[in-house]
Number of protein chains: 2
Amino acid sequence: MQKKYLNIYNDLVKKIQSNLWSIGELLPSENELASQYETSRETIRKALDLLSQNGYIQKIQGKGSMIIDRNKFSFPVSGIESFTELAGKLELNSRTIVHSIKYLDPNNKSMEFLKTDPHDRVWNVNRIREIDGEKVILDKDYFNDQYLPLLTEEICQGSIYNYIENELGLVIGFAQKEIVVENPTDEDRELLDLEGFSNVVVIRSQVYLDDANLFQFTESRHRPDKFRFVDFARRVKN
Amino acid sequence: MQKKYLNIYNDLVKKIQSNLWSIGELLPSENELASQYETSRETIRKALDLLSQNGYIQKIQGKGSMIIDRNKFSFPVSGIESFTELAGKLELNSRTIVHSIKYLDPNNKSMEFLKTDPHDRVWNVNRIREIDGEKVILDKDYFNDQYLPLLTEEICQGSIYNYIENELGLVIGFAQKEIVVENPTDEDRELLDLEGFSNVVVIRSQVYLDDANLFQFTESRHRPDKFRFVDFARRVKN
DNA sequence: GAGTGGTCTAGACCACTCA
DNA sequence: GAGTGGTCTAGACCACTCT
């Protein structure tokens, strides 16, 4: 950690989370923060932009930076987040069952678009998420093995993202996500405790690395009563 | 339009949309853009940050700014978007039926949190969205009448957002949104063509103005087969 | 009018990629 | 090593809010 604006951002997040300022209060002005942190105003502004993007403050011209209530819908899951991050945050009584880890049948052309090279193979990992003893989420992940050469049950048991980012040093750049409601497949009925629910919520994502290469395709199939998506959106300035 | 970086952003969006560069190609370097647009590099960087946030480019250190495929899931609906914006974009054969416009019963305390002042009243607008002749979405909106004193059937028939932003000059700051799946209410069954679907997808949002005041609460209730949410997420830099 | 955030500049140095 | 984006600075002027 040597980036000043990130240090300042993290420091301010800590202070906000410790309720140093209450909701509706104004942060010290940018000039004041600049002298407090012994830096330039532009650097402070970068830190404040991060706070704003992440829903901690709303900047109001002529007034200041106001602390806003980030938890109106109890927790924010904006952006890219994995099941284990989520489970940890919610302190769910949860368990992951690794159902299968295999290379995709080379005759199966459905995941061709994941390959950067014709010789690449595609991992297919199916995991079942159990919450409070009920099997409610089926995660089907597909990875290009060029980026993920080794994939063990142990890695899949934990957070694959953790492994990718901390062990392999790959950095996630961006993701495109789609949420729709569908009829359960035979596989859903077999692997999940659907209990008469006639729909599943399907989240499909494509995850790209820092260098804009497509890295992963995921299908996360949820029993509808165990699905919840929370989003924080900021209107693009005009 | 006098903000340089916004002009440059809009100009670059236009160029990207006209396929001046194809996917995977690099934009001219920041220094080159700076001399092309006769401005400083920081101003170019602001324009590029906007492109990046909106999913047009991925910046790669040491290489350049790469054009990415913004339309993998056909269209991005990140952020705050209204039904009429969406319908226009998709060219849906759609119709809006204004079912009711009324002040909320003062004895109904459920929307108390919308009021900034005890004397404020709360508008309640119910609209039904018909697509291809089927009633598939029920939008229930609640507004504080301090910001929206007048609400006619004509306004509700079009885009309320349009009216708010262009006629009243209010600016939306941010929104918090929740998506869950629920059982249909009697009202859903009465007003929508549910056709045996046993679930509805409910999107609840709280919309805040530029000055961080809570302005609107919305419940948008969708028949599950007519629901789709698309999101573009960027990993927060670390 | 004093103080706030918003925009813009010109320059510096660093970290990274690629030939 | 040349060229790219990433960070940081110090200063200027503008637009806005509040009293």
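Quick note on labels: first sequence line is chain A, next is B, and so on, each numbered from 1. Owing to the predicted nature of the structure, the values given are computational and were not obtained by experimental measurement.
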Between [atom2] of [N] and [atom1] of [X], the distance in whole Å:
{"X": "A:I44", "N": "C:dT7", "atom1": "CD1", "atom2": "C1'", "answer": "18 Å"}
{"X": "B:D211", "N": "D:dA15", "atom1": "CG", "atom2": "C1'", "answer": "16 Å"}
{"X": "B:Y37", "N": "C:dC8", "atom1": "OH", "atom2": "P", "answer": "14 Å"}
{"X": "B:E30", "N": "C:dA10", "atom1": "CD", "atom2": "P", "answer": "16 Å"}
{"X": "B:E38", "N": "C:dA10", "atom1": "CD", "atom2": "P", "answer": "11 Å"}
{"X": "A:L27", "N": "C:dG5", "atom1": "CG", "atom2": "P", "answer": "9 Å"}
{"X": "B:L51", "N": "D:dG5", "atom1": "CG", "atom2": "P", "answer": "13 Å"}
{"X": "A:I8", "N": "D:dT7", "atom1": "CD1", "atom2": "P", "answer": "13 Å"}

Between A:W123 and A:Y103, is the ring centre distance below 6.0 Å?
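Yes - the distance between ring centres of A:W123 and A:Y103 falls below the 6.0 Å cut-off.
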
Can A:Q216 and A:T218 be counted as having a side-chain donor-acceptor contact under 3.5 angstrom?
yes

Distance-only polar pair, side chains of B:Q53 and A:R234, donor-acceptor under 3.5 Å:
no

Look only at the side chain of A:D105 and the backbone of A:N107, and say whether a donor-acceptor pair between them is shorter than 3.5 Å.
yes

With a 3.5 Å distance limit and no angle check, can you tell me whether B:Q157 reaches the backbone of B:T96 through a side-chain donor-acceptor pair?
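Side chain of B:Q157 to backbone of B:T96, a donor-acceptor pair under 3.5 Å: yes, one is there.
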
Would you sketch DNA chain D in dot-bracket for me? Only Watson-Crick or G-U wobble pairs with both distances under 3.5 Å count, crossing pairs as [ ], other-strand pairs as |, the rest as dots.
||||||||||||||||||.

With sequence neighbours left out, write down each residue that passes ring pair (Phe, Tyr, Trp, His ring centres under 6.0 Å) with A:F227, or none if nothing qualifies.
A:H222

Collect all protein-nucleotide pairs involving nucleotides 11-13 of chain C in which both atoms are nitrogen or oxygen and the distance is under 3.5 Å.
none

Quick check: on DNA chain D, is the nucleotide nearest A:K46 upstream (toward 5') of the one nearest B:E32, or the reverse? Name the residue that is more 5'.
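It is B:E32, whose closest nucleotide lies nearer the 5' terminus.
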
Got a sec, which residues hit side chain to side chain contact (heavy atoms under 4.5 Å, CB included) with A:D11, two or more places apart in sequence or on another chain?
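Applying side chain to side chain contact (heavy atoms under 4.5 Å, CB included) to A:D11 gives A:K15, A:Y37.
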
Mind checking what makes side chain to side chain contact (heavy atoms under 4.5 Å, CB included) contact with B:Q61, not counting sequence neighbours?
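Partners of B:Q61 under the side chain to side chain contact (heavy atoms under 4.5 Å, CB included) test: none.
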
B:S40 side-chain proximity, nearest of C:dT9, C:dT7, D:dC8:
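Nearest listed nucleotide: C:dT9.
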
Nearest to the side chain of A:R45, which nucleotide is it out of D:dT9, D:dT7, C:dT7?
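Ranking D:dT9, D:dT7, C:dT7 by closest atom to the A:R45 side chain puts C:dT7 first.
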
Would you call the rings of B:F232 and A:F174 parallel, tilted or perpendicular, where under 30° means parallel and over 60° means perpendicular?
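It falls in the tilted class, 30° to 60°.
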
Write down the protein N/O and nucleotide N/O pairs, taken from nucleotides 17-19 of chain C, whose separation is under 3.5 Å; answer none if there are no such pairs.
residue : atom : partner : partner atom : Å
C:dC18  : OP1  : B:K63   : NZ           : 3.2

Here the gap from A:I203 atom CD1 to A:D139 atom CG, rounded to the nearest 0.5 Å, amounts to 8.5 Å

